[in-house]
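Only a predicted model underlies this, so the values are computations on that prediction, with no experimental measurement involved. Naming: A, B, ... by sequence-line order, numbering from 1 per chain.
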Protein chains: 2
Amino acid sequence: MAKKRESSSDLKDQILETTEVLLRRYGASKLSVVDVAREIGMSHGNVYRFFPSKTDLLNAIAAKWLEKVHVPLGEISICDLAADQKLKLWFETLIKIKRKKFLEDPQLFAVYLELAGHQLEQVNNHVDTLVTQIEKIIEEGKQTGMFSVLDTRKAATNLFHATATLHHPVFVSSPYYPAEEEVIELLNFLIRALS
Amino acid sequence: MAKKRESSSDLKDQILETTEVLLRRYGASKLSVVDVAREIGMSHGNVYRFFPSKTDLLNAIAAKWLEKVHVPLGEISICDLAADQKLKLWFETLIKIKRKKFLEDPQLFAVYLELAGHQLEQVNNHVDTLVTQIEKIIEEGKQTGMFSVLDTRKAATNLFHATATLHHPVFVSSPYYPAEEEVIELLNFLIRALS
DNA sequence: TAATTGACAAATGTCAAATTCTGTCAATTG
DNA sequence: CAATTGACAGAATTTGACATTTGTCAATTA
């Protein structure tokens, strides 16, 4: 009963999209591979050709999610702005993206939050990518004499840790999230500290 | 069948102590007010004279817990040390206390962690107490010309937020907790930023 | 009459049976 | 013969009957 041939990658994308739709509609706890397959109109066995396990499918969803975070930030990290301005914009954008994702799509955000607790490697890679972007901006600031730090990598790591209350999923989704004013205040304080 | 009279406050303390014992022994999920009362040898109905609800009882446990955090820190905040040294010691102590509580008493830590998510007011008060202590230390540093910040309160809030990865219960109990070296690195970076 | 009890209703938790889901694979389709 | 199905075993989840717990309060005690 095989249907008309479709490109593998199209089908893979369709599975991912449908999974996102169902995650948004019913949340992670109600997601079953059988449902995803039924929604597309195929047997669930076939989904396993593309994703060896449900966990792999969810990881792929999370990976897409994370990409949407670090791609726009990557663009900022290579844009044409003074280092301090750029660093501020970079963090403001990171924070805006996270807040927006949380507010617009709490169900998907919850999936990410849950996965963040289990998928050490994927999260570590994501953090590494982001810290490396910060590192580049600080390095530029050093070149122009705007910043003066001994160890750029350490400074970047410090900035990322110190701003965790502003972008870490646990805080972003918490009622303790600081007011806009406090966010700006903390960012300015930290960026000033690099001079 | 009333037993011999005991001071109200003694009985209240006894309930709290017994609750802690049972929390440590069986964890929060297995704690029942009936068990607490039986362990003491009274009817559970009587516990409700002292704590209007089980939640109130658990909140009182958390309050005791929080006190054990900010009392020793309060002592540091008024001790005889240079402001930068004092600030470093204060944060190191905060971090050490949290880590120790988590490692030595994960059951009680879990109670605190759960409550931290619900009890906005109690947690806010606790944070406020701590930020005020930081504020005092920074103020001293300003007097001696060691620190130079415009708004002491804001600086204290910034420091507290920026160190959240080092002392916030979610992070303290997470596998992502930074290595000792990174902790020191971040503290030095932030304290230097006040100069 | 203040402290305490114990019987009680409503809410919550437990556990085993029933159902659904995951992941595999031999059979089927085009 | 590559893509897909559908039947299947074992794992995980849901259900619902039952047990415990929470919280109240009128009766009891000292």
Side-chain angles (χ1 to χ4, degrees), chain A residues 1-62 107 110-111 114-115 117-119, chain B residues 1-62 107 110-111 114-115 117-119:
Chain A
M1 286 190 234
K3 301 261 175 71
K4 71 165 178 248
R5 181 172 305 192
E6 218 172 328
S7 139
S8 271
S9 113
D10 277 3
L11 211 38
K12 199 169 181 178
D13 283 349
Q14 199 187 357
I15 292 170
L16 283 171
E17 275 162 35
T18 304
T19 303
E20 270 191 28
V21 168
L22 293 188
L23 278 174
R24 253 187 277 268
R25 198 183 299 162
Y26 304 116
S29 67
K30 292 289 178 194
L31 185 90
S32 84
V33 177
V34 172
D35 285 345
V36 172
R38 183 170 31 230
E39 183 84 11
I40 299 173
M42 57 162 59
S43 155
H44 78 276
N46 200 27
V47 171
Y48 283 87
R49 259 196 341 115
F50 300 97
F51 300 97
S53 73
K54 187 183 180 180
T55 302
D56 288 325
L57 174 57
L58 289 176
N59 282 350
I61 296 283
Q107 299 272 40
V111 174
E114 202 196 321
L115 258 66
H118 302 294
Q119 288 301 317
Chain B
M1 285 191 232
K3 301 262 173 71
K4 71 164 179 252
R5 181 173 304 192
E6 220 171 326
S7 141
S8 273
S9 110
D10 277 1
L11 211 39
K12 200 168 179 176
D13 284 348
Q14 199 187 358
I15 292 170
L16 283 172
E17 274 163 36
T18 304
T19 304
E20 268 192 28
V21 167
L22 293 187
L23 276 174
R24 253 187 277 267
R25 197 182 300 162
Y26 304 115
S29 67
K30 291 289 178 194
L31 184 91
S32 86
V33 178
V34 172
D35 285 344
V36 173
R38 181 173 31 229
E39 182 85 10
I40 299 173
M42 55 162 61
S43 152
H44 80 276
N46 199 28
V47 171
Y48 283 86
R49 256 194 347 111
F50 300 97
F51 301 96
S53 73
K54 187 184 180 181
T55 301
D56 288 324
L57 174 57
L58 289 176
N59 282 350
I61 296 283
Q107 302 271 38
V111 175
E114 202 196 322
L115 258 68
H118 303 293
Q119 287 301 316

- Query: Looking only at side chains, do A/S43 and A/N46 share a donor and an acceptor under 3.5 Å apart?
  - Reply: no
- Item | Closest contact, heavy atoms only, A/P52 versus A/F50 |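 What the structure gives for the nearest pair is CD-O, 3.9 Å.
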- Task: Would you give a per-nucleotide map of nucleotides 10-16 of chain C, 5' to 3', where B means the base has a protein non-hydrogen atom under 4.0 Å away, S means only the sugar-phosphate does, and - means neither?
- Result: ----S--
Rounded to the nearest 0.5 Å, what's the gap from [atom1] on [X] to [atom2] on [Y]? Could you check?
X     : Y     : atom1 : atom2 : answer
A/N59 : A/S53 : CG    : OG    : 7.5 Å
B/I40 : B/I15 : CD1   : CD1   : 5.0 Å
B/L16 : B/F51 : CG    : CZ    : 4.0 Å

Spacing between [X] atom [atom1] and [N] atom [atom2], to the nearest angstrom:
X     : N      : atom1 : atom2 : result
B/K12 : C/dA3  : NZ    : P     : 13 Å
A/I40 : D/dA3  : CD1   : P     : 16 Å
A/M42 : D/dG6  : CE    : P     : 12 Å
B/F50 : D/dT22 : CZ    : P     : 17 Å

Could you list the protein-to-nucleotides 17-26 of chain C atom pairs, N/O on both sides, closer than 3.5 Å?
{"residue": "C/dT22", "atom": "OP1", "partner": "A/V33", "partner atom": "N", "Å": "3.1"}
{"residue": "C/dT22", "atom": "OP1", "partner": "A/K54", "partner atom": "NZ", "Å": "3.1"}
{"residue": "C/dT22", "atom": "OP2", "partner": "A/V33", "partner atom": "N", "Å": "2.8"}
{"residue": "C/dT22", "atom": "OP2", "partner": "A/V34", "partner atom": "N", "Å": "3.3"}
{"residue": "C/dG23", "atom": "OP2", "partner": "A/Y48", "partner atom": "OH", "Å": "3.0"}
{"residue": "C/dG23", "atom": "OP2", "partner": "A/K54", "partner atom": "N", "Å": "2.7"}
{"residue": "C/dG23", "atom": "N7", "partner": "A/H44", "partner atom": "NE2", "Å": "3.2"}
{"residue": "C/dG23", "atom": "O6", "partner": "A/H44", "partner atom": "NE2", "Å": "2.8"}

- Is there a side-chain contact between B/L31 and B/Y26 (heavy atoms, below 4.5 Å)?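 No; the side chains remain at least 4.5 Å from each other.
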- Is the backbone N or O of B/L23 less than 3.5 Å from a side-chain atom of B/K30, with the two atoms forming a donor-acceptor pair by type?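 No, the answer is negative, given that no donor and acceptor are paired below the 3.5 Å cut-off.
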- Message: My understanding is that only residues two or more places apart in sequence, or in another chain, count here; which of them pass side-chain contact (heavy atoms from CB on, under 4.5 Å) with A/E39?
- Response: A/T18, A/L22, A/R25
